[in-house]
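Read the structure below first, then the notes.
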Amino acid sequence: MSTAVYPGSFDPFTNGHLAVLKCACRLFDTVYVGVLNNTGKHCAFTLDERRAMIESVIKSEGLNNAKADAFGGLLVDYMSSVGAEYIVRGLRGPADYEYERQVELANLHLDGGVRTVYFSADEKYAFLSSSIVREIGSLDGDINGLVPDAINKIIAERLNKR
Ligand code: ADP
């Protein structure tokens, strides 16, 4: 049984994240989407809102081997608590890789048993980030096509109110 964790802030979850998750679900038996309880970073959506939105995307997309979860503390500790050996991350370009490689090596240093697997962004989502969605949504722009349909309305309403 291969188990992976796809960790991230997911503030909010986008179609770029979803494309990565779909690839991971084809490769691994179980994929935990781990929303990071990042105490040092102010998020637009609460931890529970982010986790609940991912749960509804997983359900509407029929990704039966994916689970939405939340964690705090070290990723390697969370991985050992769910029995995962693989970390899933997405790459939009060289800038992402530079940062990701450093984190990959830090995780390997902490636990030599974990391996990071990267999926390249779909070309149409290579520009897409949660912060772009927050920016467009808070200016009342159209976020259709940028976030999964199942959570489009809730994201638009929440961002618009801010
Ligand atoms: P973090 O704060 O941990 O970087 P994010 O939610 O921003 O969390 O991203 C989680 C992961 O998804 C990262 O590996 C990031 O590179 C990847 N990612 C973000 N947007 C995209 C996208 N449009 N296409 C592919 N991967 C993406």
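The model shown is predicted, which means the values in this text are computed figures rather than measured ones. In listed order, ligands and their atoms are each counted from 1.
Counting heavy atoms under 4.0 Å from ligand 1, residue Arg50 does not touch it at all.
In this structure, the ring-ring contact (aromatic ring centres under 6.0 Å, His included) partners of Phe28, at least two apart in sequence or on a different chain, are Tyr86. Listed by chain and residue number, Tyr6, Val88, Phe119 satisfy the side-chain contact (heavy atoms from CB on, under 4.5 Å) test with Val20 (two or more places apart in sequence, or in another chain).
Between Lys22 and Glu61, at least one side-chain N (NZ, or NE/NH1/NH2) sits under 4.0 Å from a carboxylate O, which counts as a salt bridge. Checked for salt-bridge contact, Asp69 and Arg51 miss the test: no charged N lies under 4.0 Å from a carboxylate O. Looking at Lys153 and Glu157, a side-chain N of the basic residue comes within less than 4.0 Å of a carboxylate O on the acidic one, giving a salt bridge.
Contact annotation: Asp96 has at least one heavy atom less than 4.0 Å from an atom of ligand 1. Residue Phe127 places no heavy atom under 4.0 Å from ligand 1.
At the shortest separation from atom 2 (O) of ligand 1 among protein heavy atoms lies Ser9 OG, 2.7 Å. For atom 7 (O) of ligand 1, the nearest protein heavy atom (residue, atom name, distance) is His17 NE2, 4.3 Å. In terms of protein heavy-atom proximity, atom 12 (O) of ligand 1 is nearest to Tyr6 OH, 2.8 Å.
Ligand 1 places these atoms under 4.0 Å from at least one heavy atom of Ala121: 24 (N), 25 (C). With ligand atoms numbered from 1 in the order given, ligand 1 contributes 25 (C), 26 (N) to contacts under 4.0 Å with heavy atoms of Val20. Atom numbering of ligand 1 starts at 1 in the shown order; those under 4.0 Å from a heavy atom of Phe10 are 6 (O). Set against the non-hydrogen atoms of Leu128, the atoms of ligand 1 under 4.0 Å away are 20 (N), 21 (C), 22 (C), 23 (N). The distance from ligand 1 to the heavy atoms of Lys41 drops below 4.0 Å at these ligand atoms: 2 (O).
Checked by distance only, ligand 1 and Arg89 come closer than 3.5 Å through their nitrogen or oxygen atoms. Below 3.5 Å of separation, one finds an N or O of Gly90 facing an N or O of ligand 1. Checked against a 3.5 angstrom limit, the closest N/O atoms of Tyr125 and ligand 1 fall inside it.
When only modelled atom types and interatomic distance are considered, Asn65 and Asp29 share no side-chain donor-acceptor pair under 3.5 Å. With 3.5 Å as the limit, one finds no donor-acceptor pair spanning the side chains of Tyr118 and Asp96. For the 3.5 Å distance criterion, the side chains of Lys67 and Thr30 fail to qualify, holding no donor opposite an acceptor.
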**Pair Arg158-Glu49, salt bridge (Lys or Arg N to Asp or Glu O under 4.0 Å): steps then yes or no** = CA-CA 11 Å; Arg158 278 280 274 95; Glu49 282 175 329; 2.7 Å; yes
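Counting only heavy atoms from C-beta outward, the side chains of Val5 and Ile87 never approach each other to under 4.5 Å.
One option in Glu100, Arg92, Glu123 has a heavy atom closer to atom 27 (C) of ligand 1 than any other, and that option is Arg92.
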